[in-house]
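Quick caveat, the model's predicted, so the values are computed rather than measured.
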Amino acid sequence: KNPPSGLYTGVKALRQAELQRESMMSTFEILRHFGEEELCPIGNKLVRSKIQQMNELLRKTSDRDILDMNMTNNKKIVTLMKLYDLLGTIFHSPMPRLLAAMSLRMVELTMENGLTPTAPMAFAFYGEVLAGDGNQTDACRLGRLALKLLETEKLSMHKAAVFMQVYSSILWATEPLQSIIEAHKLGQKAGQQGGDYLYGGINWHLAISTSLFAGQDLNLIKENAKSFISEISRQKGYVDTMILTYWQTVALSEGLHIILEEERNNEEFSCESDVLLDGRNKSSPYFTIISKVLMLVRKYLFHQLEDDALDINISSCIAENNNRMGVPTILGIFFEGLACFKLARQSIGNQRATFLDQGESVLARIRVYNNHSTWNFENKMFLLEAEKMYALGDFGRADSFYQQSIISAHKHRFIHEEAIASDLLGEFLFERRRPEKSKSLHLHSIQCYEKWGAFAVARRVEESVQSKFSSDWRQLGGCSDVFTSDLATDNDCSKKLHNRDKS
């Protein structure tokens, strides 16, 4: 039988009212009423078997065959697809393990009955599942197929949602992060033009948060975060994480002490401590991982890893909460690796071995991602390799990896990670009793941090260098000669690279 049209409208209204559990349970009840099987978690043997069968079918079916499929006029199929699509937006929070079965059913309905307006979301959701399984190649194919389907007018009504899903859960691992930011901006615009303010807002949120992790201008991110907080006040969960993003820019640009001063004078939105407390009480998996990642990044950049309250086990948190992989999670894992190798150098015995093993585990994951995108991950891989070699006492290879990381970060326009690598190499060279080169690298690090807008972090580096050298250490001038001609740039620092002899 055809489901009454009002059923979908009712559960969608519950979702828009942020009554997620009520919306989800109502949707389950409707699906059972119309004979749909109960969704099983991804570990279920039947689900795994069906996924394997579907993957084989999709590999045998060309993109053109799918794009040329007819639209179905079956109202029941159209409504079922809309209901499953609604579940997909909910499952990322309380029940992510059901996403596989849900997206699999959407693709099954599409392949058996034809295209519907939510077909692009079916392939986008299923692509995320494949990416989570490590099948990035097939995941990217389906993500790009979902985007191609949007070019058909009858399939373009969910453009903002598809952009959000494809770029945040699939293509972030293969496309340059800078282009991911622009894609989310297009998704934001599509949402505004099409009246999809929910997904338009989510794309805006993702554009801002990705900008932070990609090393874009901190002052601009701060202003965009303020605009988001004031305009998207209804979407509470996203506003809370954006407030944390705002305070992160304040900490990095102005200093930790400024947060306390601004919190006392800021009447526009909540202070950081209140948001963190409220988030912990709600136990939101997304909020939890974002707050942990931002705090780890901050503590690492300000050299405060000895803080007992700091949790560096980002990988474990992701596994426990079933967080999907994306830009914030993979960057959190990257900083987890940096922290582990640094702490390993400062530890002995079993604790040192534990940190080394944890750092090696992170490095192994980054190597895999580097196979899909050298643009996003090459410099990160090199830097983790350098820190590992330093911890193991292989100083020659450490030196080489540090240099490669700096060159790669510069080439791929990650100014913040160029700063981090330069600072770490400066510390390494100081320990290796090469003070002049150490000064040059620290100076380059400071310049990069200032270009990023992280003036407070730059001051931390300068204070550290002053404690090692004299207060007039900056008079050295110039830039480190450890760079090669690959580090081509138009600033004064790079112009001196070819005019200095190696010391």
For [X] and [Y], test the side chains for any donor-to-acceptor distance below 3.5 angstrom and give the result as yes or no.
{"X": "Trp375", "Y": "Glu175", "answer": "no"}
{"X": "His158", "Y": "Asp196", "answer": "no"}
{"X": "Ser438", "Y": "Arg432", "answer": "no"}
{"X": "Gln404", "Y": "Ser408", "answer": "no"}
{"X": "Ser440", "Y": "His444", "answer": "no"}
{"X": "Gln136", "Y": "His372", "answer": "no"}

Legend entry - Working for side chain to side chain donor-acceptor pair (under 3.5 Å), residues His205 and Thr241: CA-CA 9 Å; His205 180 284; Thr241 54; 2.8 Å; yes
Legend entry - Whether over 12 other heavy atoms sit under 6.0 Å from Asn371 CG: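 Check passes, neighbour count above 12.
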Inset, instruction - For atom CE of Met157, decide whether the heavy atoms of other residues, nucleotides or ligands shown that lie under 6.0 angstrom number more than 12. - result: no
Legend entry - Flag, side chain of Ser211 to backbone of Ala207, donor-acceptor distance under 3.5 Å: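 Flag set: sc Ser211 to bb Ala207 pair under 3.5 Å.
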Legend entry - Residues Lys159, Val162; criterion side-chain contact (heavy atoms from CB on, under 4.5 Å); working and verdict: CA-CA 5 Å; Lys159 185 174 182 179; Val162 174; 5.8 Å; no
Might you point out which heavy atoms bring [X] and [Y] nearest each other, and give the distance in Å?
{"X": "Leu177", "Y": "Thr210", "value": "O-CG2, 4.2 Å"}
{"X": "Tyr390", "Y": "Ala398", "value": "N-CB, 3.7 Å"}
{"X": "Ile314", "Y": "Ile333", "value": "CG2-N, 4.0 Å"}
{"X": "Ala458", "Y": "Glu450", "value": "CB-CG, 3.8 Å"}
{"X": "Ala251", "Y": "Ala456", "value": "O-CB, 3.5 Å"}
{"X": "Asn203", "Y": "His184", "value": "OD1-ND1, 2.9 Å"}

May I ask you to check whether [X] and [Y] place their ring centers less than 6.0 Å from one another?
{"X": "Phe430", "Y": "Phe469", "result": "yes"}
{"X": "Tyr402", "Y": "Phe428", "result": "yes"}
{"X": "Tyr167", "Y": "Trp172", "result": "no"}

Inset, instruction - For Val166 and Leu142, run side-chain contact (heavy atoms from CB on, under 4.5 Å): C-alpha distance rounded to whole Å, both residues' side-chain angles, the deciding distance at 0.1 Å, then the answer. - result: CA-CA 9 Å; Val166 169; Leu142 295 184; over 6 Å; no
Legend entry - Charged N-O contact under 4.0 Å between Asp399 and Lys437: no
Inset, instruction - Salt-bridge test for Glu360 and Arg367: reply yes if a basic N is under 4.0 Å from a carboxylate O, no otherwise. - result: yes
Inset, instruction - Let me see the working for His412 and Asn376 under side-chain contact (heavy atoms from CB on, under 4.5 Å), right down to the final yes or no. - result: CA-CA 7 Å; His412 299 125; Asn376 288 338; over 6 Å; no
Inset, instruction - Go through Ser103 and Glu128 one step at a time and tell me if the side chain to side chain donor-acceptor pair (under 3.5 Å) criterion holds. - result: CA-CA 9 Å; Ser103 62; Glu128 177 185 345; over 6 Å; no
Inset, instruction - Apply side-chain contact (heavy atoms from CB on, under 4.5 Å) to Glu417 and Phe334, showing your working. - result: CA-CA 11 Å; Glu417 289 166 2; Phe334 169 57; 4.0 Å; yes
Inset, instruction - Would you indicate whether the side-chain heavy atoms of Phe414 and Asn379 approach each other to under 4.5 Å? - result: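 Heavy-atom side-chain distance check passes, below 4.5 Å.
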